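The next block holds one structure in the form of structure tokens; read it before the comments.
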Protein chains: 2
Amino acid sequence: MSLRYALIALLTGRPMTGYEVSKRFGASVGHVWHAPDSQIYPELRRLESEGLLTGEDVPWGTKARTKTRYAVTAAGEAAFREWMNSPASPHHSRDPAYLRAAYLDWADPMKARQYLLSQKQFHTERLVVLEATRAMLADRTHPVLAARLESIDEAEHERIIAFRTYAYDGMIARERADLKWVEDGLRLLAAND
Amino acid sequence: MSLRYALIALLTGRPMTGYEVSKRFGASVGHVWHAPDSQIYPELRRLESEGLLTGEDVPWGTKARTKTRYAVTAAGEAAFREWMNSPASPHHSRDPAYLRAAYLDWADPMKARQYLLSQKQFHTERLVVLEATRAMLADRTHPVLAARLESIDEAEHERIIAFRTYAYDGMIARERADLKWVEDGLRLLAAND
DNA sequence: CCAGTCATGTAAGATGTTACATGATTCC
DNA sequence: GGAATCATGTAACATCTTACATGACTGG
């Protein structure tokens with residue numbers, strides 16, 4: 001259910017084609033919510049059919065080819081606002097990392113170490129990307145944020161930026177906690193073998 | 001795909017009926033991996049049909065009623081070990097909390113505050129439960145862990161407990177980070193309104 | 001002219017959620 | 001006798017993953 005709101009949220013920044021949306025989901029939005037193309041295109045169509053987005057055919061290339069540029073409608077903004085104001089259902093996290101960690105005694109120590117090292121690399125890389133994105137939000141060089149700010153009263157800019165960076169602060173804090181945890185795991189393995 | 005390994009992992013502690021498994025998923029295992037009854041019972045049957053578990057009918061009550069007690073087979077242990085040794089696919093976290101946080105400017109400030117307060121309560125309560133469970137693992141009063149240890153050479157006990165508590169340390173650290181983040185959010189809201 | 005990007009999906013299957021459904025047993 | 005617990009699901013639907021599929025356009 002969150003995918004649709006992630007899509008609307010993104011498109012409040014500025015209108016985009018499905019392809020652009022899909023690229024964004026591989027980058028900044030993807031940090032917050034991941035989805036593959038095969039979910040994005042159909043969901044955009046569904047949102048359009050429900051009147052939360054408009055799909056405008058714009059010419060592309062030399063021939064009579066077109067691409068669809070989606071924009072949020074007033075109804076879409078209202079639906080998003082309503083979702084934002086609705087109470088959140090408790091979120092069950094289901095992270096296989098904890099399951100593996102708890103039963104690491106069942107793994108070959110070599111493989112366990114390899115696993116933790118790959119986790120370490122994953123978190124390290126993700127941390128770099130998150131921090132870079134947060135910096136782009138803070139200094140307003142983030143393209144979608146910049147587009148969004150243009151359509152908004154300047155008095156509100158600071159507030160919007162504060163919330164966007166706040167979300168990244170949470171993700172960054174979590175990554176740091178996870179990274180430290182993985183490093184503890186490597187020490188634990190080393191101590192045991 | 002992880003549900004089945006969570007089930008096998010739990011049952012390596014000791015044999016259980018579907019009902020006991022389901023209760024455990026509402027408690028300690030549930031911290032690591034959540035699943036409702038409607039997933040648990042069919043999956044246990046599937047695992048039995050694949051030979052990873054055995055289902056033994058044991059009498060229950062006075063009449064000819066029976067319940068099924070599941071136990072891990074050698075094949076089940078092998079499959080679990082194999083999974084533990086396989087490289088982990090990158091895990092895409094999809095936490096609606098970050099999506100909401102990033103767009104908190106769209107919410108009514110009152111509702112945003114209520115939302116964050118409910119998040120705070122959720123994390124606080126979860127933290128208490130996680131710490132209590134971790135303590136029970138550390139002092140070996142956790143029933144499933146205790147049962148598991150009985151069937152295992154004492155030289156290995158420390159190692160097993162270390163990994164079980166290590167998993168909880170990760171979840172606890174994450175909860176603490178999330179809690180701090182939520183509190184920052186409340187301060188941010190207060191500063192803005 | 002060829003590689004990379006832009007553009008848009010379908011289809012099948014796995015997984016997870018929500019709601020509903022039923023009855024025995026045990027303990028007070 | 002009644003409430004809580006034990007026991008076990010089905011059914012419908014939503015969501016997500018994985019694999020496959022196609023072709024035009026752009027820049028070097």
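Just so we're on the same page: letters track the sequence lines, and every chain starts at 1. These figures come from a predicted structure and were not determined experimentally.
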With a non-hydrogen cut-off below 4.0 angstrom, is B:R45 in contact with a base, only sugar-phosphate, or nothing? sugar-phosphate
Can you tell me if A:T66 uses its side chain to pair, donor with acceptor, with the backbone of A:V58 under 3.5 Å? no
OP1, OP2 of C:dT17 versus side-chain N and O of A:R94: anything below 4.0 Å? yes
A:D37 side chain: which of C:dT8, D:dA7, D:dT10 is closest? C:dT8
Side chain of A:K67, heavy atoms from C-beta onward: which of C:dT8, D:dA7, D:dG23 has the nearest atom to it? C:dT8
Measure from CZ on A:F25 to P on C:dT8 and round the result to the nearest Å. 15 Å
Under 4.0 Å between a side-chain nitrogen and a carboxylate oxygen: does that hold for B:E131 and B:R176? yes
Please determine, for the side chain of B:Y70, which listed nucleotide (D:dT17, D:dG9, C:dG9) has the closest atom? D:dG9
Assign each of A:P36 and B:K23 the nucleotide of DNA chain D bearing its closest heavy atom; nearer the 5' end lies the nucleotide of B:K23
Rounded to whole Å, CD of A:Q39 lies from P of C:dA12 at a distance of 18 Å
Hey, is the side chain of A:W60 poking within less than 4.0 Å of OP1 or OP2 on C:dA7, counting only N and O atoms? yes
OP1 or OP2 of D:dA7 under 4.0 Å from side-chain N/O of B:S22: no
Donor on one side chain, acceptor on other, B:H31 and B:Y168, under 3.5 Å: yes
Heavy-atom nearest nucleotide on DNA chain C taken for B:L3 and for A:Y19; more 5' hit belongs to A:Y19
When rounded to whole Å, the CG to P distance for the pair A:L44 and C:dC6 reads 17 Å
Taking atom P of D:dT18 as reference, at what distance in whole Å does atom CE of B:M1 sit? 11 Å
A:E43 CD to C:dT10 P, in whole Å, measures 13 Å
Do you see a donor-acceptor pair shorter than 3.5 Å between the side chains of A:R45 and A:S49? no
Applying a 4.0 Å non-hydrogen cut-off, can you work out what B:S38 is touching in the nucleic acid: base, sugar-phosphate, or nothing? base
Is it true that the NZ or CZ of A:R46 lies under 6.0 Å from the centre of A:Y41's six-membered ring and within 45 degrees of the ring axis? no
Whole Å only: how far is the CD1 atom of A:I40 from the C1' atom of D:dT15? 14 Å
B:Y41 OH to C:dT15 P: how many Å, rounded? 21 Å
Grab the CZ-P distance between B:R46 and C:dG16 for me, whole Å please. 11 Å
